[in-house]
Q: 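Quick one: the structure is below, and I'll ask about it shortly.
All of these numbers come straight from a predicted model, not from anything done at the bench. Count residues from 1 along the sequence.
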Amino acid sequence: RLTNDSRATVSVLYCFDKTLNSTTMVSLRTTTVGFPRTGPKREMKMALEKYWGNKITKEELLGVSDKVALQSLKDQEAAGVSLIGVGDHTLYDHVLDWSERFGLTCSRVRAAGLVGLDAYFTQARGRDGVPALDMTK
């Protein structure tokens, strides 16, 4: 039987041990892998489309991103997740994020003089004269 101990956010599993003819309590720690990062109402997707359509600013896009990321952490904490992963939120693609973190900007994007979000989204989506990266799975 699984129960939730809200004080320690640790799930407790009660097991019946046949050899000892007794019940044993075992603590379990929980974690999440790949928690949804678009927001409960797809806020990130809508903000991205507005940004790409020049309907919101970079600051507004980043504001939505921060709000969605923080809400994801709060939702996991409220659900009693013991080990909450960090660094998995993305504006568009988590593999592209790590490429950027390691300074692996595509040479054709660098040659076009693009930096920041312009470089990031050009690698993902392309733009006139600069084709997107091959981001197939």
Side-chain angles (χ1 to χ4, degrees):
R1 179 182 102 186
L2 284 174
T3 63
N4 224 353
D5 178 356
S6 60
R7 290 168 286 140
T9 64
V10 174
S11 296
V12 178
L13 177 65
Y14 294 96
C15 303
F16 184 75
D17 186 333
K18 290 181 182 180
T19 58
L20 299 175
N21 198 24
S22 66
T23 301
T24 307
M25 184 174 70
V26 180
S27 293
L28 300 174
R29 297 187 58 104
T30 56
T31 189
T32 52
V33 177
F35 195 82
R37 49 189 173 241
T38 58
K41 296 180 182 172
R42 301 177 64 198
E43 293 91 341
M44 278 304 304
K45 181 180 182 332
M46 289 185 278
L48 279 170
E49 290 171 356
K50 287 178 182 177
Y51 177 75
W52 292 331
N54 296 314
K55 294 177 182 166
I56 64 171
T57 66
K58 173 177 89 169
E59 291 74 22
E60 290 170 308
L61 172 64
L62 295 176
V64 171
S65 177
D66 289 347
K67 184 178 177 183
V68 168
L70 182 59
Q71 190 59 51
S72 293
L73 295 173
K74 287 180 178 181
D75 290 347
Q76 291 174 78
E77 181 180 39
V81 176
S82 310
L83 304 169
I84 299 173
V86 295
D88 64 347
H89 182 73
T90 183
L91 288 173
Y92 187 76
D93 181 85
H94 65 280
V95 175
L96 180 58
D97 290 352
W98 281 103
S99 296
E100 285 288 303
R101 287 178 184 127
F102 289 128
L104 303 174
T105 303
C106 175
S107 59
R108 64 181 173 257
V109 172
R110 281 194 315 270
L114 301 169
V115 296
L117 283 184
D118 289 335
Y120 178 84
F121 287 126
T122 298
Q123 290 181 102
R125 300 171 38 95
R127 68 167 44 186
D128 290 340
V130 185
L133 297 175
D134 182 11
M135 295 177 63
T136 57
K137 295 182 180 186

Q: Just wondering, more than 12 heavy atoms not from Arg110 lying within 6.0 Å of its CZ?
A: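 It does: Arg110 CZ has more than 12 such atoms within range.
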Q: When you group the ILVMFWY residues by side-chain heavy-atom contacts below 4.5 Å and let the links chain together, are Leu117 and Leu133 in the same group?
A: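 Same cluster.
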Q: To the nearest 0.5 angstrom, please state how far the CD atom of Glu49 sits from the CZ atom of Arg42.
A: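 Reported value, rounded in 0.5 Å steps: 7.5 Å.
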Q: Looking only at heavy atoms, which two atoms of Ala124 and Ala132 are closest? And how far apart?
A: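 Between these two residues, the closest heavy atoms are O-CB, 3.6 Å.
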Q: Just verifying a value: how many Å separate Tyr51 OH and Glu59 CD, rounded to the nearest 0.5 Å?
A: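 Atom-to-atom, Tyr51:OH and Glu59:CD are 8.5 Å apart.
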Q: Are Leu62 and Val64 connected in a single hydrophobic cluster, I mean Ile/Leu/Val/Met/Phe/Trp/Tyr linked by side-chain heavy atoms less than 4.5 Å apart?
A: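 In one cluster: yes.
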Q: Side-chain contact test, heavy atoms from C-beta onward, threshold under 4.5 Å: evaluate it for Glu100 versus Gln123 and give yes or no.
A: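 A side-chain contact exists here, since the closest heavy-atom pair is under 4.5 Å.
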Q: In the hydrophobic cluster built from side-chain contacts under 4.5 Å, what are the other members alongside Leu83?
A: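 For Leu83, no cluster forms, as it stays isolated from other hydrophobic side chains.
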Q: Can you check whether Tyr92's main-chain N or O pairs, donor with acceptor, with Arg37's side chain at less than 3.5 Å?
A: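 Not a single qualifying donor-acceptor pair exists.
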Q: Distance check, rounded to the nearest 0.5 Å: Asp93 atom CG versus Asp97 atom CG?
A: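 Answer rounded to 0.5 Å: 7.0 Å.
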Q: Is it the case that the side chain of His89 and the backbone of Ser65 share a donor-acceptor pair, with hydrogens and angles ignored and the cut-off at 3.5 Å?
A: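 Judged by distance alone, yes, a pair lies under 3.5 Å.
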Q: When you group the ILVMFWY residues by side-chain heavy-atom contacts below 4.5 Å and let the links chain together, are Ile56 and Met46 in the same group?
A: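 No, it is not one cluster - the side chains of Met46 and Ile56 are not joined through contacts under 4.5 Å.
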Q: Looking at Ser72 and Pro36, what are the two nearest heavy atoms and their distance?
A: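 That closest heavy-atom pairing would be OG-O, 3.7 Å.
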Q: Taking it one step at a time, do Arg108 and Thr122 satisfy side chain to side chain contact (heavy atoms under 4.5 Å, CB included)?
A: CA-CA 10 Å; Arg108 64 181 173 257; Thr122 298; over 6 Å; no
Q: Treating Thr38 as the side-chain partner and Met44 as the backbone partner, does any N or O pair qualify as donor plus acceptor under 3.5 Å?
A: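 No; zero donor-acceptor contacts below 3.5 Å.
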Q: Would you kindly say whether Gln71 and Glu43 are connected by a side-chain donor-acceptor distance under 3.5 Å?
A: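 Side-chain D/A pair, Gln71 to Glu43: absent.
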Q: Taking atom CG of Leu73 and atom CG of Asp88, what is their separation to the nearest 0.5 Å?
A: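 If I round to the nearest 0.5 Å, the distance is 8.0 Å.
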Q: So how far is it from Leu96 CG to Thr90 OG1, rounded to the nearest 0.5 Å?
A: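 Those atoms lie 7.0 Å apart.
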Q: Working to the nearest 0.5 Å, report the span between CZ of Arg101 and OG of Ser99.
A: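 With rounding to 0.5 Å, CZ (Arg101) is 10.0 Å from OG (Ser99).
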Q: Under a single-linkage rule joining Ile, Leu, Val, Met, Phe, Trp and Tyr whose side-chain heavy atoms are separated by less than 4.5 Å, which residues share a cluster with Val109?
A: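 Hydrophobic cluster check, Val109: joined to Leu114, Val130.
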Q: Can you say whether the rings of Phe121 and Trp52 are parallel (under 30°), tilted (30 to 60°) or perpendicular (over 60°)?
A: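 The rings of Phe121 and Trp52 stand perpendicular, inter-plane angle above 60°.
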Q: Do the non-hydrogen side-chain atoms of Ile84 and Phe35 ever get within less than 4.5 Å of each other?
A: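 Sidechains of Phe35 and Ile84: no contact.
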